[in-house]
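A short write-up of the structure that comes next.
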Amino acid sequence: MRTSQLLLPTLKEDPVDTVVISHKLMLRAGMIRQLASGLYTWLPLGLRVLKKVERIVREEMDRAGAQEVLMSGVQPAELWQESGRWGQFGPELLRLKDRHERDFCLGPTHEEVVTDIIRREVNSYKQLPLNLYQVQTKFRDEVRPRFGVMRSREFIMKDAYSFDINEDGMRKSYQAMYDAYCRIFDRFGLDYRAVLADSGAIGGSGSQEFHVLADSGEDDIVFSNGSDYAANVEKAECIASGTRQASEEEMRKIETPTQKTIEALVNDFDLAIEKTVKTLIVRASDVCESDFVALIVRGDHTLNEVKAENHAMVASPLTFATEAEIKSIMGAGPGSLGPVNCPIPVIADRQVAICSDFGAGANEDGWHYFGINWGRDCAEPETADLRNAVEGDPAPDGSGTYLIRRGIEVGHVFQLGQKYSEAMNATVLDENGKQSTLFMGCYGIGVTRIVAAAIEQRHDDRGICWPPSLAPFDVCIVPIGGNKNRAVDEEALRIQSELQAKGLDVLLDDRNMGPGPRFADMDLIGIPVRIVVSAKTLEDSEVELKQRIENEASRVPLGDVVDVVMTLEWLKS
RNA sequence: CGGGGUAUAGCGCAGUCUGGUAGCGCAUCUGCUUUGGGAGCAGAGGGUCGUUGGUUCGAAUCCAGCUGCCCCGACCA
């Protein structure tokens, strides 16, 4: 390919209204253009990268025994009603009617469609296990699309679905996908982690997420510094550190007319923040006699809403009491709540349960108790893991302490179990001739998001530094001074065709511009290897070779360039 | 859905307060020169100032509605 024929609309200046680096660089490098909020056109350079991602994904899915299919992007409402998700999904599911007033939606995922095809076409356990995947455009009407293709409304996803006769088979299929995902992300050449995840609304038992580590990530990833335990912050288990100390203080009631926040309490009363607790009132589930329950976390901790919602006594979805409700149940406003004389059930975070001599609201406006001790001043609480992990917390496997980094979720593997197969009656005959409900797994990779994540992780102040496996071109050639010395252009063309013969994608920058802007563009779009051919180097029968990630170029004899480039290709997976 | 911005040439912006028929840089086109890190000279083209309505002799500018886009929050396989 020659740049003179390539639609490569690079921008010198940073586009406005962009906040993450990948979004800026994808626009500047001419990879994408925005069509509307959350909708993008992929230009030739961007599409090349997308196809590299897709190719690796397909190769590894095929290697793992999955079979590619392509399902419709528009889906009939009936299937979603059958699984129950027509009602569960909110406005994120874009619904539409056809000319006959029949309901459809733009598929945000394909469990229903794939389960439907399997229940129709697969009848016997002998046809299992089966794993179907597709690379397809999804649509989710995101509340707030942002960060370019990192969180867009339309995006490309590889989604796979496994079907097994029993749970054991499902686990094997899941493990095979997990292994395939590791190979895929290894081949991308990105720094990633597989972490334990909450299964969320999609349901099911086991689930792990694959995250590319980057400061701009939207998720907090928690790791142990002593083992490979890693989890999404939603899921990362928090154990109590230390044991409860014996009480040393008597409980006393303190007037706190203006102290409605932990911060004020700590500042005004010389109280350690570890000796304060926060009391949050939420709706209770049906198993509770009370309509509300009080959740307590330490003053310096934050409530983990996913953990709270998963607690048996807490209503799902998690619903906080309104200020008026709090007043009427507790007899005091939100700034003065605590476990002493609490009229509703109390669930304390594990760390709170081992606090002694702590301070909390008195359930009376303008008053707090200090020196509270469980069992003496109020009942021993029900305890649970309710809080978000913070750096330095002990890891639950005893291996060390937690570190926290930001991650971009680019893959997710789930053991779905029988959630969809049961709802949609997907069964086969087992070896005893009896109907048996299928066990499913589902496995997603955010193809478009991978492109952005790669840039977040691999860039410098000049532009993108593609990992070789994802680069739109493997090598670029910049001839300089060809109008004065015809040998320059001839050599550039010769090198290009020889490298192409070796199977490489080569971009020849033949634009009629000075070297400066061409170097800048090649750096911006991040081609891993650059070859400069000029009259100067040809005098010595040499060319200049530079890798994108290096600062210094080296001289290579004309006859050796192709071989030298090919030896660099160990970078390629 | 709450809160806050913003909309003028392909891109980035000025002009709006104080109303008088639109300007700068980059990009584009033509010609000549120029080729080791975002060239020079000369010339040229390009905007119903988001949209609808109002005020006015006159509106990019003042007023009102609508829409798009962006940010913060809530939301999220």
Side-chain angles (χ1 to χ4, degrees), chain A residues 9-20 23-24 27-28 30 33-39 85 88-93 107-111 138 140-148 150-153 155 157-161 197-204 206-211 218-219 232 234-235 305-306 317-320 409-416 419-420 441-446 449 462-463 478-485 488-489 509-524 530 532-538 543-544 546 551 553 555:
Chain A
T10 56
L11 305 171
K12 194 153 74 176
E13 292 176 60
D14 256 2
V16 293
D17 288 340
T18 55
V19 330
V20 296
H23 190 195
K24 288 183 206 295
L27 288 167
R28 284 192 55 205
R33 285 296 182 261
Q34 182 169 337
L35 209 215
S37 181
L39 305 177
R85 290 207 293 182
Q88 284 169 15
F89 251 80
E92 184 173 302
L93 182 67
T109 175
H110 281 72
E111 280 82 8
K138 308 282 192 213
R140 293 182 195 168
D141 200 356
E142 288 283 346
V143 185
R144 183 147 91 86
R146 62 190 128 165
F147 304 156
M150 283 246 282
R151 184 163 289 276
S152 52
R153 294 194 289 179
F155 56 97
M157 175 169 271
K158 186 286 302 175
D159 49 327
Y161 306 88
D198 184 75
S199 356
I202 202 156
S207 137
Q208 281 160 290
E209 293 170 349
F210 286 77
H211 283 260
E218 294 184 273
D219 291 295
N232 192 301
E234 291 171 352
K235 182 83 174 178
E305 300 192 8
V306 172
L318 186 74
T319 312
F320 286 95
E409 185 189 347
V410 289
H412 204 152
V413 291
F414 278 94
Q415 294 177 33
L416 285 176
K419 176 175 166 137
Y420 295 91
C442 77
Y443 317 94
I445 290 181
R449 189 182 273 185
R462 295 194 312 256
V478 184
I480 297 173
N483 53 347
K484 277 193 181 157
N485 184 343
V488 169
D489 287 342
D509 195 352
D510 59 343
R511 291 174 297 180
N512 184 26
M513 300 193 293
R518 286 187 288 160
F519 289 155
D521 272 354
M522 293 303 108
D523 286 343
L524 174 64
R530 186 184 77 191
V532 178
V533 184
S534 71
K536 191 172 77 183
T537 63
L538 285 186
V543 294
E544 178 189 286
K546 180 179 166 304
N551 287 322
R555 290 285 201 101

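What you are looking at is a predicted structure, and each value in this text was computed from that prediction instead of being measured. Convention: sequence-line order gives letters A, B, ...; per-chain numbering from 1.
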Quantified in whole Å, what is the C1' atom distance between nucleotide B:U61 and nucleotide B:G46?
23 Å
Considering non-hydrogen atoms only, spot the tightest contact between A:H412 and A:A197 and give its length.
NE2-CB, 3.9 Å
What integer number of Å spans the C1' atoms of B:G54 and B:G15?
24 Å
Atom pairs under 3.5 Å: protein N/O with N/O of nucleotides 67-73 of chain B:
residue : atom : partner : partner atom : Å
B:C69   : OP1  : A:S37   : N            : 2.9
B:C69   : O3'  : A:Q34   : NE2          : 3.3
B:C70   : OP1  : A:Q34   : NE2          : 3.2
B:C70   : OP2  : A:S37   : OG           : 3.0
B:C70   : O2'  : A:D17   : OD1          : 3.3
B:C72   : OP2  : A:R144  : NH1          : 2.9
B:C72   : OP2  : A:R144  : NH2          : 2.5

Gap in Å between the two C1' atoms, one belonging to B:A14 and one to B:U6, rounded:
16 Å
Mind checking the P distance from B:A59 to B:A22? Whole angstroms is fine.
13 Å
Need one value for A:D14: base, sugar-phosphate or nothing, where a base atom within 4.0 Å counts as base even if backbone is also close, heavy atoms only.
nothing
Distance check needed: B:G36 C1' versus A:L538 CG, whole Å only.
13 Å
Considering residues at least two apart in sequence or located in another chain, which fulfil the ring-ring contact (aromatic ring centres under 6.0 Å, His included) criterion with A:Y443?
none
Which base sits across from B:G47 as a Watson-Crick or G-U pair, both distances under 3.5 Å?
none
Of A:G516 and A:E305, whose nearest nucleotide on RNA chain B comes first from the 5' end?
A:G516
Would A:R530 pass as a cation-pi partner of A:F519, given that its NZ or CZ must be under 6.0 Å from the six-membered ring centre and within 45 degrees of the axis?
yes
Rounded to the nearest Å, what distance is computed from the NZ atom of residue A:K546 to the C1' atom of nucleotide B:G37?
11 Å
Rounded P spacing from B:G5 to B:C63 in Å
15 Å
How long is the straight-line distance from NZ of A:K158 back to NZ of A:K138, given to the nearest 0.5 Å?
10.0 Å
With a 4.0 Å cut-off on heavy atoms, is A:D159 in touch with a base, just the backbone sugar-phosphate, or nothing at all?
nothing
Rounding to an integer number of Å, can you tell me how far A:E234 CD sits from B:C75 P?
11 Å
Paired with B:G68 by Watson-Crick or G-U wobble geometry, both distances under 3.5 Å: which nucleotide is it?
B:U6
Going by the salt bridge (Lys or Arg N to Asp or Glu O under 4.0 Å) test, name the single residue among A:R462, A:R511, A:K12 that passes it with A:D521.
A:R511
Can you list everything that forms a ring-ring contact (aromatic ring centres under 6.0 Å, His included) with A:F89? Sequence neighbours excluded, please.
A:W80
If you look at every strand shown and take non-hydrogen atoms under 4.0 Å, does A:V16 touch a base, only sugar-phosphate, or nothing?
sugar-phosphate
Rounded to the nearest Å, what distance is computed from the CG atom of residue A:D509 to the C1' atom of nucleotide B:G37?
13 Å
What integer distance in Å separates A:R462:CZ from B:G37:C1'?
10 Å
Are A:E111 and A:R85 within salt-bridge range, i.e. N to O under 4.0 Å?
yes
Strictly by Watson-Crick or wobble contacts shorter than 3.5 Å, is anything paired with B:G37, and which nucleotide is it?
none
Within the sub-3.5 Å range, which N or O atoms of nucleotides 32-35 of chain B have a protein N or O partner, and how far apart are they?
residue : atom : partner : partner atom : Å
B:U35   : OP1  : A:K484  : NZ           : 3.2
B:U35   : OP2  : A:K484  : NZ           : 3.2
B:U35   : O2'  : A:G481  : N            : 3.1
B:U35   : O2   : A:M513  : O            : 3.2
B:U35   : O2   : A:R518  : NH2          : 3.3
B:U35   : O4   : A:N512  : OD1          : 2.6

What's the separation between atom CD in A:Q34 and atom CG in A:L39, rounded to the nearest 0.5 Å?
8.0 Å
With sugar-phosphate meaning primed atoms plus P, OP1 and OP2, does A:E409 contact a base, only sugar-phosphate, or nothing at under 4.0 Å between heavy atoms?
sugar-phosphate
Please determine, for B:C11, whether a Watson-Crick or G-U wobble partner exists with both distances under 3.5 Å, and give it or none.
B:G25
Base paired to B:U30 (Watson-Crick or G-U; both N/O distances under 3.5 angstrom)
B:A42
Just the rounded figure in Å: distance from P of B:C76 to CZ of A:R140.
12 Å
What's the CG-P distance between A:L318 and B:A74, to the nearest Å?
13 Å
Checking N1-N3 plus N6-O4 or O6-N4 for Watson-Crick, or N1-O2 and O6-N3 for wobble, each under 3.5 Å, the partner of B:C57 is B:G20
Please name the pair of heavy atoms, one in A:I480 and one in A:P515, separated by the smallest distance, quoted to 0.1 Å.
CD1-CB, 3.8 Å
Expressed as a whole number of Å, how far does the P atom of B:C62 sit from that of B:U8?
16 Å
Kindly write out the residues that satisfy salt bridge (Lys or Arg N to Asp or Glu O under 4.0 Å) with A:K546, not counting sequence neighbours, or none if the list is empty.
none
With rounding to the closest Å, how many angstrom separate the P atoms on B:U48 and B:G23?
14 Å
Rounding to the closest angstrom, what is the interatomic distance between B:G68 and B:G50 at atom P?
16 Å
Nucleotide nearest A:K12 when distance is taken to its side chain, options B:C76, B:G37, B:C26
B:C26
Drop me the distance from A:R28's CZ to A:T10's OG1, to the nearest 0.5 angstrom.
8.5 Å
Qualifying residues under salt bridge (Lys or Arg N to Asp or Glu O under 4.0 Å), relative to A:E142, sequence neighbours excluded
A:R151
For A:T537 and for A:E92, find the nucleotide of RNA chain B with the closest heavy atom, then tell me which residue's nucleotide is more 5'.
A:T537
